[in-house]
Amino acid sequence: MTASVSDVTVESVVRRVAAVHRDQRGALLPVLHAVQAKLGCVPQEAIAVLADEFNLSRADVHGVVTFYHDFRREPAGRVVVRICRAEACQALGADGLVARAREAGPALGETSADGALTVEQVFCLGNCALGPSVEVNGRLYGRVGPARLGSILDGEVPS
């Protein structure tokens with residue numbers, strides 16, 4: 001569940017999450033995941049707070065957030081579609097899924113203006129035998145063609 005920034009301040013969320021993980025070795029990644037789970041993203045103002053909490057430079061924290069593609073700087077859309085672009089899925093038609101997703105609106109890595117849809121590419125969903133694969137709001141779909149992806153995007157397939 002995500003909290004809106006109006007309900008709580010980013011700083012208070014980050015400091016609470018950091019306190020839970022403070023004694024854990026390599027706590028930055030679990031804290032970043034927890035912050036994103038609570039706020040829907042890792043906002044810019046969280047970088048300085050995390051740097052302070054873990055005695056790191058802002059550049060170190062920023063580098064981790066921007067290195068891993070799972071961390072968002074802005075909240076995702078209500079529906080998040082992740083299209084596998086790894087070799088197995090690519091060989092089975094992932095390019096057609098990317099083209100179909102572009103017809104639906106946002107480019108890869110972007111969210112539609114109305115906040116309804118975010119489309120992302122990933123480089124393995126671990127479903128190679130059933131490629132091409134997509135993940136929609138955490139649910140994995142295999143053997144997805146452009147028409148089926150269209151049905152998923154149109155809400156005709158439960159996600």
Are [X] and [Y] packed together at the side-chain level, in the sense that at least one heavy-atom pair is separated by less than 4.5 angstrom?
{"X": "V136", "Y": "V80", "answer": "no"}
{"X": "L117", "Y": "T111", "answer": "no"}
{"X": "E135", "Y": "V122", "answer": "no"}
{"X": "V81", "Y": "L149", "answer": "yes"}

How many angstroms lie between [atom1] in [X] and [atom2] in [Y], if you round to the nearest 0.5 Å?
{"X": "C84", "Y": "L125", "atom1": "SG", "atom2": "CG", "value": "5.0 Å"}
{"X": "S12", "Y": "K38", "atom1": "OG", "atom2": "NZ", "value": "10.5 Å"}
{"X": "N137", "Y": "R82", "atom1": "CG", "atom2": "CZ", "value": "11.0 Å"}
{"X": "R148", "Y": "I152", "atom1": "CZ", "atom2": "CD1", "value": "5.0 Å"}
{"X": "Y141", "Y": "L130", "atom1": "OH", "atom2": "CG", "value": "14.0 Å"}

So if you build clusters from Ile, Leu, Val, Met, Phe, Trp, Tyr with side-chain heavy-atom gaps below 4.5 Å, do [X] and [Y] land together?
{"X": "L28", "Y": "V20", "result": "no"}
{"X": "V144", "Y": "L108", "result": "yes"}
{"X": "L39", "Y": "Y68", "result": "yes"}

Closest contact, heavy atoms only, [X] versus [Y]:
{"X": "C89", "Y": "G131", "answer": "SG-CA, 3.8 Å"}
{"X": "Q36", "Y": "F71", "answer": "OE1-CA, 3.2 Å"}
{"X": "G142", "Y": "S133", "answer": "CA-OG, 4.1 Å"}

Ring centres under 6.0 Å, that's the criterion: do H69 and F123 meet it?
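When the ring centroids of H69 and F123 are compared, they turn out to be at least 6.0 Å apart.
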Please list, one pair per line, the donor and acceptor atoms closer than 3.5 Å that link side chains of residues 92-106 to other protein atoms, with sequence neighbours excluded.
| from | atom 1 | to | atom 2 | distance (Å) |
| --- | --- | --- | --- | --- |
| D95 | OD1 | R85 | NH2 | 3.3 |
| D95 | OD1 | Q90 | NE2 | 2.6 |
| D95 | OD2 | Q90 | NE2 | 3.4 |

Would you tell me whether S57 and D60 have side-chain atoms, one donor and one acceptor, within less than 3.5 Å of each other?
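D60 and S57 do have a side-chain donor-acceptor pair below 3.5 Å.
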If we ignore angles and hydrogens, is there a donor and acceptor under 3.5 Å between the side chains of H21 and Q24?
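Checked: H21/Q24 side chains pair up, N/O donor to acceptor below 3.5 Å.
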Would you call E120-R72 a salt bridge at under 4.0 Å N-O?
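Yes.
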Derivation and outcome, side-chain contact (heavy atoms from CB on, under 4.5 Å), residues V65 and R73:
CA-CA 8 Å; V65 171; R73 302 303 295 273; 3.6 Å; yes
Check: residues 46-56 side-chain donor-acceptor pairs under 3.5 Å, at least two apart:
| from | atom 1 | to | atom 2 | distance (Å) |
| --- | --- | --- | --- | --- |
| D52 | OD2 | R15 | NH1 | 3.1 |
| D52 | OD2 | R15 | NH2 | 3.2 |
| E53 | OE1 | R22 | NH1 | 2.8 |
| E53 | OE1 | R22 | NH2 | 2.6 |
| E53 | OE2 | R15 | NH1 | 2.5 |

Backbone N or O of G77 within a donor-acceptor pair of the T118 side chain at under 3.5 Å?
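Checked: pair present.
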